[in-house]
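To start, the structure under review is shown below, and the notes come after it.
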Amino acid sequence: NTPFVACRATLPYASPGLQLTFDGTPGVYPAFQTVPINTQDANYPNYTAFDTTNHWFVAPNAGMYYVSCGIYVNAGGSGYGISHLRTALAVNGNIAVQENTATGQPSGNFYVNQGDQNWRKTAGLLVLNAGDKVTAQLSAQSDDWICYCTSYQCYVYVNYVVFDVQQIRY
């Protein structure tokens, strides 16, 4: 039989949302940051597998898992929009799956104008050992990165997050 470990965790909707700040130094590619998901969904059988203090899913046993994450963001700003806005999934702190969305912008990455809201999504099949930790990650950069003008910090507001896990094979 195929095992079924179902887990859902969320960052409940808020406006303007949780602010994440990123390095806006021209020429410095932005690092990913862990999205602080803080609510277990008790309607799912293995909801306690999500640690809301450390913001990660802990694999209860070894196997293959389907993990998906949707992050609803709002570009805050320094008078600029956000480019290089990407989501990822990390296993034990290492990026395992990341979104790459080319949109024809000079940077070749997803772009959000200041004040815009948009869903960013990523998903993947992950082979995990018991005890492996999976986190949702977000990365963003001021669009000033494109023109190499001056240094800015940029930020996004995370309005809502849904993080789903299903184990599909031992």
(message) Using the side chain to side chain donor-acceptor pair (under 3.5 Å) criterion, which residues pair with D41? Sequence neighbours excluded.
(response) N43
(request) Take K133 and N92, measure what side-chain contact (heavy atoms from CB on, under 4.5 Å) needs, and give me the verdict at the end. (result) CA-CA 5 Å; K133 297 164 181 68; N92 299 325; 3.8 Å; yes
(request) For the residue pair P12 and T10, establish whether any side-chain heavy-atom pair is separated by less than 4.5 Å. (result) yes
(request) Just do the side-chain contact (heavy atoms from CB on, under 4.5 Å) check on V134 and L126 with the steps written out, would you? (result) CA-CA 9 Å; V134 182; L126 304 175; 4.1 Å; yes
(message) Going by the rule salt bridge (Lys or Arg N to Asp or Glu O under 4.0 Å), which residues pair with D132 if we only count those two or more places apart in sequence or in a different chain?
(response) none
(request) Could you tell me which residues satisfy side chain to side chain donor-acceptor pair (under 3.5 Å) with N46, sequence neighbours excluded, listed by chain and number? (result) none
(message) I want to check something: taking the side chain as every heavy atom from C-beta on, are R169 and Y65 in contact at a cut-off of under 4.5 Å?
(response) no
(request) Output every pair passing salt bridge (charged side-chain N to carboxylate O under 4.0 Å, His left out) with a member in residues 4-19, not counting sequence neighbours, ordered by first then second residue. (result) R8-D164
(message) According to side chain to side chain donor-acceptor pair (under 3.5 Å), who are the partners of T34, at least two apart in sequence or on a separate chain?
(response) Q137
(message) To the closest 0.5 Å, what do you measure between OH (Y66) and CD1 (I168)?
(response) 9.5 Å
(request) Evaluate the side-chain proximity of I37 to T135: yes if any heavy-atom separation is below 4.5 Å, no if none is. (result) no
(request) Mind running side-chain contact (heavy atoms from CB on, under 4.5 Å) on V158 and V35 for me, showing each step along the way? (result) CA-CA 8 Å; V158 179; V35 177; 4.3 Å; yes
(request) Examine Y47 and V165 and state if one hydrophobic cluster contains both, with Ile, Leu, Val, Met, Phe, Trp and Tyr joined whenever side-chain heavy atoms are less than 4.5 Å apart. (result) no
(request) Could you tell me which residues satisfy side chain to side chain donor-acceptor pair (under 3.5 Å) with N54, sequence neighbours excluded, listed by chain and number? (result) D51
(request) Check whether any side-chain heavy atom of L89 sits under 4.5 Å from a side-chain heavy atom of C69, and report yes or no. (result) yes
(request) Applying ring pair (Phe, Tyr, Trp, His ring centres under 6.0 Å) between F50 and each of F163, F57, Y44, report the one that passes. (result) F163
(message) If hydrophobic clusters are built by linking Ile, Leu, Val, Met, Phe, Trp and Tyr wherever their side-chain heavy atoms come under 4.5 Å apart, do I95 and V97 end up in the same one?
(response) no
(request) Apply side-chain contact (heavy atoms from CB on, under 4.5 Å) to the pair T39 and T52, showing each step before the final yes or no. (result) CA-CA 6 Å; T39 304; T52 57; 5.6 Å; no
(message) Could you see if V91 belongs to whatever hydrophobic cluster contains F32? Use Ile, Leu, Val, Met, Phe, Trp, Tyr and a side-chain cutoff under 4.5 Å.
(response) no
(request) State, to 0.1 Å, how close A88 and Q98 come at their nearest heavy-atom pair, and which atoms those are. (result) CB-CB, 3.7 Å
(request) Kindly give the heavy-atom pair with the smallest separation between P60 and A130, and that separation in Å. (result) O-CB, 4.0 Å
